[in-house]
2 protein chains.
Amino acid sequence: MEPHILVVDDDREIRSLLDRFLRKHGFRVSAAADGQTMRRALDEWKIDLVVLDLMLPGEGGINLCRELREHSDLPVIMLTALGEETDRVVGLEVGADDYVAKPFSPRELLARIRAVLRRTQGDSRPRADSGQAVLRFSGWSFDPTSRQLRAPDGVVISLSAGEYDLLMAFATHPNRVLSRDQLLDLTRGRFAGPFDRSIDIQVSRLRRKLREDPKNPKLIQTVRGGGYIFATAVANDASTDT
Amino acid sequence: MEPHILVVDDDREIRSLLDRFLRKHGFRVSAAADGQTMRRALDEWKIDLVVLDLMLPGEGGINLCRELREHSDLPVIMLTALGEETDRVVGLEVGADDYVAKPFSPRELLARIRAVLRRTQGDSRPRADSGQAVLRFSGWSFDPTSRQLRAPDGVVISLSAGEYDLLMAFATHPNRVLSRDQLLDLTRGRFAGPFDRSIDIQVSRLRRKLREDPKNPKLIQTVRGGGYIFATAVANDASTDT
DNA sequence: ATTCGAATGTAACGGCTTGTAACAGCAAAG
DNA sequence: CTTTGCTGTTACAAGCCGTTACATTCGAAT
């Protein structure tokens, strides 16, 4: 799978340069110029590593990194100013995994990205799942910790890994149209090729597990030309946390 | 689809210049000379990006941008005066995505518009839909969250993506004549070509779903030469929000 | 009141998008 | 090595949307 890198920098030339360079070297790239866009990208895509400018205007890279570390072990490489040793120390203290000083060689950054990814490879991001609250919707209850789906009548439904990942993607983005690329990124870490029907097949299988009426699905609805939407309210049962 | 740009500037030469230039480069353009017209345009059209003059007389571009950010993540490019660095900083702080200093090259603005749109591409604007209240009219109830339409007799009517978008457009602009261009913009992100009957077909299909008498439709009425009007009171059931 | 042209209504059709059965390949378990 | 389950691909079917064509309605002109 091609790792998905998120580049967060207000300098559009840096975003553009890194976009082209990293794609050329086999990565998928998203870009954000500010904290808000960064948060949305982290929410809607499955990002494998963040390249974050420490001197980001507004909230600042330090605060954004700190905030990210509250919920995630996602690797972060900080872009810092040359010679600013204090900044680097602070950056590493709030959880950055590495730093690269500006102006930087894209090749150096590439090497560090690969090194950090190699080191964190296989990381299944337990924080994202472990301790996660039970999700409830339309009488169903879905426990990510035990990977257990319970039907409204109490029957436990077993899910394959693919079905589980897809349901997690939907349940954590309810009432939003998710494109096939987003669903594939969130579940398989790749984008769809032309004529790729794999998500449609998986959605069909998950609908069957969720006992949907194929003619008129209620939970997972099709949005023609857009993708799929998990059309239900989802509640977090934080109180069942152990 | 052709992105829809809203140009907000009191200088009609700038509005005119940008209108011609941006259309030539594949955009649809609307223009506003003041805050009031800007608000109406934002309500009646599906705008993809706003170009906003920071020095707009009256309420001022800063306040308008701030107000826009209270409800929307719509990208904004500020037009600022050359050399006014304080203004730019303030502009970015109230949420502008980029800025261009006057006098500006239309080509530079075009490049920035494309860059910002590329960055925000795929943005499904969750604020517009998530947590949306149930809309009630003439005994019908329409829940945008579950995309479910319920008839006065309780029967659930399934809607296609196109029918859903059209009903949303009508239900969020009740008792107002909407032109075919507006309906197409709000539902498909494009304007009508000559002899374009697609909205009329969709209206016909939606009327059938809403059980209208074709000879004498009550909910969706035709305004000859003007478009269509959703002629009913629409209530927001905010209390059903979860 | 009549005529005419424009605007609108919608049936039918074609192309595109989506649903899914069936099958093949792969990986893991026994 | 064999068996089983899972996932993706292929093929066929169904639904959706836009275009076309024909019919109806309405408003303006006479």
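Just so it is clear, the model here is predicted, and its values are computed rather than measured.
How far CD1 of A/I77 is from CG of A/L117: 7.5 Å, rounded to the nearest 0.5 Å.
Taking the six-membered ring where tryptophan is involved, the planes of A/W140 and A/F137 are essentially parallel, since the angle between them stays under 30° and well short of 60°.
For A/D165, the salt bridge (Lys or Arg N to Asp or Glu O under 4.0 Å) test picks out no residue, with sequence neighbours left out. Applying the side chain to side chain contact (heavy atoms under 4.5 Å, CB included) criterion to B/S146, with sequence neighbours excluded, gives B/D143, B/Q148. When the salt bridge (Lys or Arg N to Asp or Glu O under 4.0 Å) test is applied to A/D97, the partners found at least two apart in sequence or on another chain are A/R69.
Atom pair B/E212:CD and C/dG9:P shows a separation of 11 Å (rounding to whole Å applied). Separating the CG atom of B/L183 from the P atom of D/dG18 is a distance of 13 Å, rounded to the nearest angstrom. As rounded to whole Å, 14 Å separates atom P of C/dT10 from atom CD1 of B/I199. To the nearest angstrom, C1' of D/dT19 lies 13 Å from CZ of B/F195. Atom OH of B/Y164 is separated from atom P of D/dC16 by 17 Å (rounded to the nearest Å). When the P atom of D/dC6 is taken as reference, atom CG of A/L206 falls 13 Å away, rounded to whole Å. Atom CD1 of B/I220 and atom C1' of C/dG9 are 13 Å apart (whole Å). At whole-Å resolution of the value, CD in B/Q202 and C1' in C/dG9 are 14 Å apart.
With D/dT19, D/dT9, D/dC17 as the choices, the nucleotide that has an atom nearest any side-chain atom of A/S198 turns out to be D/dT9. The side chain of B/S160 lies closest to D/dC16 when the candidates are D/dC16, D/dG18, D/dT7.
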With the criterion being N/O to N/O and under 3.5 Å, what pairs connect the protein with nucleotides 27-30 of chain D, and how long is each?
none

Protein-nucleic acid N or O pairs under 3.5 Å, nucleotides 19-25 of chain C:
{"unit_1": "C/dG19", "atom_1": "OP1", "unit_2": "A/R207", "atom_2": "NH1", "d": "3.0"}
{"unit_1": "C/dG19", "atom_1": "OP1", "unit_2": "A/T222", "atom_2": "OG1", "d": "2.2"}
{"unit_1": "C/dG19", "atom_1": "OP2", "unit_2": "A/Y228", "atom_2": "OH", "d": "2.3"}
{"unit_1": "C/dG19", "atom_1": "N7", "unit_2": "A/R197", "atom_2": "NH2", "d": "2.8"}
{"unit_1": "C/dG19", "atom_1": "O6", "unit_2": "A/R197", "atom_2": "NH1", "d": "3.1"}
{"unit_1": "C/dT20", "atom_1": "OP2", "unit_2": "A/S204", "atom_2": "OG", "d": "2.9"}
{"unit_1": "C/dT20", "atom_1": "O5'", "unit_2": "A/S204", "atom_2": "OG", "d": "3.4"}
{"unit_1": "C/dT20", "atom_1": "O4", "unit_2": "A/R197", "atom_2": "NH1", "d": "3.4"}
{"unit_1": "C/dA21", "atom_1": "OP2", "unit_2": "A/R208", "atom_2": "NH2", "d": "3.2"}

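Not less than 6.0 angstrom separates the ring centroid of A/H173 from the ring centroid of A/Y228. You'll find the ring centres of A/F142 and A/Y164 inside the 6.0 Å limit.
Among residue pairs with one or both ends in residues 198-226 of chain A, none qualify as ring pair (Phe, Tyr, Trp, His ring centres under 6.0 Å); sequence neighbours excluded.
Checking each of B/R28, B/K46, B/R190 against B/D185 for a salt bridge (charged side-chain N to carboxylate O under 4.0 Å, His left out) leaves exactly one that passes, namely B/R28.
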